[in-house]
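Here is the naming used below: chain letters follow the sequence lines, and residue numbers restart at 1 for every chain.
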There are 2 protein chains.
Amino acid sequence: LIHTVGVTKDYQLGTHTVHALRGVDLRVRPGEFLSIVGPSGSGKTTLLNMIGCLDIPTEGMVELFGEFDTRDLDDKASTLLRRDRIGFIFQSFNLMPVLNIRENIGLPLDLQRMDSKEMNVRIDELVEVVGLTEFAEHRPEELSGGQRQRVAVARALVTQPDLVLADEPTANLDHESGMAILRLMQKMNETRGTTFIFSTHDPKVMDLATRTVVIEDGMVTEDTVKSKS
Amino acid sequence: LIHTVGVTKDYQLGTHTVHALRGVDLRVRPGEFLSIVGPSGSGKTTLLNMIGCLDIPTEGMVELFGEFDTRDLDDKASTLLRRDRIGFIFQSFNLMPVLNIRENIGLPLDLQRMDSKEMNVRIDELVEVVGLTEFAEHRPEELSGGQRQRVAVARALVTQPDLVLADEPTANLDHESGMAILRLMQKMNETRGTTFIFSTHDPKVMDLATRTVVIEDGMVTEDTVKSKS
Ligand SMILES: Nc1ncnc2c1ncn2[C@@H]1O[C@H](COP(=O)(O)OP(=O)(O)OP(=O)(O)O)[C@@H](O)[C@H]1O
Ligand SMILES: Nc1ncnc2c1ncn2[C@@H]1O[C@H](COP(=O)(O)OP(=O)(O)OP(=O)(O)O)[C@@H](O)[C@H]1O
Ligand SMILES: [Mg+2]
Ligand SMILES: [Mg+2]
């Protein structure tokens, strides 16, 4: 599904270059439930951005769905790919301040021109699963940190994408809320075969992952698949 | 040090009222290392905002440092109190985008008109302790989520306040970085007697706290002091 070869990312800041990724080779198969872990600043978000074609590598290449080299995608093509096949949960949520919860969650479906009846069914379902029914008409600034995070999660899942990239999706959640989110994702993974790639510091996400990739200082230092016991 | 009596907070949203706090009675003594835990949306951030005089209760009262009723403080008085005696680590960091790390951390000292020589000593020290020396000249948008969190932590500690209110200060940090932050806070607590009140979902913060207050649905349901063993 996903193939990265020698992916390098440099950020130029004045005279100082930050080597955020230093040659990452990664192969992700469809249906994997993979967690990427590593110290703060080690390159997890940067790697997810590469895979989610929000950015392109300085060197190396990212191939998606066995056919797209992200360097060859123009803005229009990458926008369509992200809209239809990828769900992204951002580390800082990136919700639209002027839209309420339902509108925020439904935005990707709106962009797909989905029929409003089906849209509402999907939105209702997700709002309920993430425990925000009571707050469905509220706007992001009227919500707690963890409530905003749950909106970001719901929005990434509403299009039922082939690939979900979840950047620290439980960081602001208590144990119960976090587990509810993870169970929802596990269910999508088991019933729909949705591929999940998490960046996380949360032990419960690592526990549920079938494979863990450790990244330190821009390089993969470990890659462990759990054996089914 | 801190005394809340019957603190209630209602948010009015159209016809819908959210009862964020429903009568919180809390007494915090100087030098405590207290964690407030509870489900997402239970009222932790709202309570910290009451204590940090960023907001006032709908009913009830908050008394700070044994002498200030926050309802009696005008804007000028509460700004001075926050500037000189309280450090606040926000759940969403609230860094200044146009300032770099050093300038962000030094901003509270700037507001206190501190001599620039002493300012630089304090900033250097904190930048190093939170592990951001390499990134000291970068701006927030050039940082990872956990790096921004560490800037927010450093900024709250730089004035060496009497009271630190830390809203999920380790949410975006890996285990090591989180422990480094907590050890720094423990050290300030032990050597300077700084009072710390955390809102957290992180088990390692709860472990280090000498007292844990559980808040659910806007009310305190448990209040446990650890016995020294
Ligand atoms: N400005 C606001 N307007 C309306 N409702 C609000 C506002 N701020 C918070 N709330 C509501 O008040 C309740 C408590 O919010 P608060 O931010 O204190 O929760 P929290 O315990 O910090 O949650 P989390 O762990 O998710 O950060 C929530 O249900 C939230 O939706
Ligand atoms: N836009 C940018 N400009 C310059 N440097 C950047 C930029 N974005 C990230 N970096 C740097 O690249 C490195 C990797 O950042 P990244 O956000 O991928 O880390 P991370 O593993 O997600 O960290 P965290 O766990 O703290 O979220 C960091 O050292 C960061 O400072
Ligand atoms: Mg990150
Ligand atoms: Mg909160």
Heavy-atom count check: over 12 atoms from other residues, nucleotides or ligands less than 6.0 Å from [X] [atom1]?
| X | atom1 | answer |
| --- | --- | --- |
| B/Asp74 | CG | yes |
| A/Gln186 | CD | yes |
| B/Arg27 | CZ | no |

(message) Looking at B/Ala171, is its backbone amide N or carbonyl O close enough to the side chain of A/His201 to form a donor-acceptor pair, meaning the two atoms are under 3.5 Å apart?
(response)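 Checking the backbone N and O of B/Ala171 against the side chain of A/His201, no donor-acceptor pair under 3.5 Å is found.
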Among [options], residue most engaged with chain B (heavy-atom pairs, under 4.5 Å):
| options | result |
| --- | --- |
| A/Gln147, A/Gln91, A/Arg139 | A/Gln91 |
| A/Ser177, A/Gly145, A/Pro203, A/Gly178 | A/Gly145 |
| A/His138, A/Arg150, A/Gln149 | A/His138 |

(message) I need the A/Ser40 OG to B/Ile181 CD1 distance, nearest 0.5 Å.
(response)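 Going from the OG atom of A/Ser40 to the CD1 atom of B/Ile181 covers 9.5 Å.
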(request) Quick one: which of B/Thr200, B/Asp202, B/Asn172, B/Thr45 has the most heavy-atom pairs under 4.5 Å with chain A, could you say? (result)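 When all of B/Thr200, B/Asp202, B/Asn172, B/Thr45 are compared, B/Asn172 has the most.
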(request) Look at B/Gly41, B/Gly38, B/Gly43 and state which one has the largest set of heavy-atom pairs under 4.5 Å with chain A. (result)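 Of the candidates given, the most pairs with chain A belong to B/Gly41.
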(message) Need one label for A/Glu137: side chain, backbone, both or neither, based on atoms under 4.5 Å from any heavy atom in chain B.
(response)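 For A/Glu137, there is no contact with chain B at all, as no heavy atom is under 4.5 Å.
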(request) Select one option (side chain, backbone, both, neither) describing which atoms of A/Phe93 are under 4.5 Å from chain B's heavy atoms. (result)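 Contact with chain B involves no heavy atom of A/Phe93 at all.
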(request) If a pair satisfies salt bridge (Lys or Arg N to Asp or Glu O under 4.0 Å) and one of its residues is in residues 167-189 of chain A, list it, with sequence neighbours excluded. (result)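 Counting only pairs at least two positions apart or across chains, no salt bridge (Lys or Arg N to Asp or Glu O under 4.0 Å) contact touches residues 167-189 of chain A.
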(request) Give me the contact list for residues 7-26 of chain B versus chain A, heavy atoms only, anything under 4.5 Å, ordered by residue number. (result)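 Within residues 7-26 of chain B, near chain A: B/Leu13, B/His16, B/Val18.
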